[in-house]
Chemist: 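I'd like to ask you about the structure that follows.
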Amino acid sequence: MEKVVLSGMRPTGKLHLGHLLVLENWVKLQEEAKCYYMIADWHALTTEYENTGGIRQNIIDLALDFLAAGINPEKSVLFVQSEVIQHAELALLFGMFTPLSWLERVPTYKDQKEKLGEMGKDLNTFGFLGYPLLQAADILIYRANLVPVGEDQLPHLELTREVARRFNFLYEEVFPEPQAVLHTIPLLPGIDGRKMSKSYKNEIAISSSPEEVNEQVKNMITDPARVRKTDPGHPEVCVVHTYYKVYYPEKVAEIEQQCRTAGIGCVACKKQLAQKINEVLEPLRERRIEFLKGERYLEILSAGQRKAEETAKETMRLVREKMKLR
Ligand code: SF4
């Protein structure tokens, strides 16, 4: 069976080093499967319906981040969700036979509604409740059988499988039951040690210039007990050390030893890390420039739309036929 992958991200701002770890897996997958990578703008609207002003720019930023990270438009289909309207048609049809209770019991539904509710967002909307169903349509419209997800997304994928099973049972076999490609992505904290988040401004964007990276790394929180350079440090409580583990693993043992014996100062330790991160980001910067030339990213998105639409139309033709709508 041909391996078909669907994944996507919401265009809510620039991607950071934590996202880059996810994208590295996407890049690997495009060598072994037919991959559809989606800029999920409708998903962004489920929580950001009041603030749509920046969405177009966010779509462009996300497309450039994807391409810079190595998503290859010759191998993968890169597209904007709202430009392939068949997603919406399929979600609507799925809505006809999906019991409300399936959506209400998705664990993130209540959690997120409460959490974002406390931040002043009213998520008592049909769009927010129904978004796992739209996600099911995103996956099944390409009859994808593999979905790269984090552990927190597993219940959503289970719902997608239930929807596929119900459709296949009610009408005729059209959809595969997609399986998770589980990647354990190490959790990167923000530079201040809190969760990495745009609202805390504690992220290192993958589109950062070398100067911005140097500045962000310089501001990273270190071992608070290490006041002087001669004090031995505790790397396990230091944000810099966490970044070393992820982005400079070959240096971790040496840094730990030097830190514990006060053999290196934090300034020098950070400088090496910043250099390494800049080395990692350099090819991304070069690719970004290439894709910006003559707005190549726009052609790529249009070509992606056409390719995605071709498959989506074929699936909808089958769906309508099996549902006796045509
Ligand atoms: S030497 Fe490095 S690992 Fe140790 S506390 Fe300073 S920045 Fe952190």
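Computed from heavy atoms alone, side chains included, the values below leave out hydrogens, waters and symmetry copies. Indexing begins at 1, ligand by ligand and atom by atom, following the structure's order. Along the sequence shown, the residues carry numbers beginning at 1.
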Chemist: Any luck finding a side-chain donor-acceptor pair between N278 and E282 under 3.5 Å?
Modeler: no
Chemist: Please identify which of these residues, D41, I60, L62, meets the side-chain contact (heavy atoms from CB on, under 4.5 Å) condition with V80.
Modeler: D41
Chemist: Please report the interatomic distance CG(L273) to OH(Y248), rounded to the nearest 0.5 Å.
Modeler: 9.0 Å
Chemist: Do H19 and D65 have side-chain atoms, one donor and one acceptor, less than 3.5 Å apart?
Modeler: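 H19 vs D65: no donor-acceptor pair found between side chains.
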Chemist: For atom 4 (Fe) of ligand 1, check which protein N, O or S atoms are under 2.8 Å away and list them.
Modeler: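 You should have found C259 SG.
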Chemist: In this structure, is the centre-to-centre distance between the rings of F97 and F169 below 6.0 Å?
Modeler: no
Chemist: To the closest 0.5 Å, what do you measure between CD1 (I71) and CZ (R287)?
Modeler: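 Result: 9.5 Å between the selected atoms.
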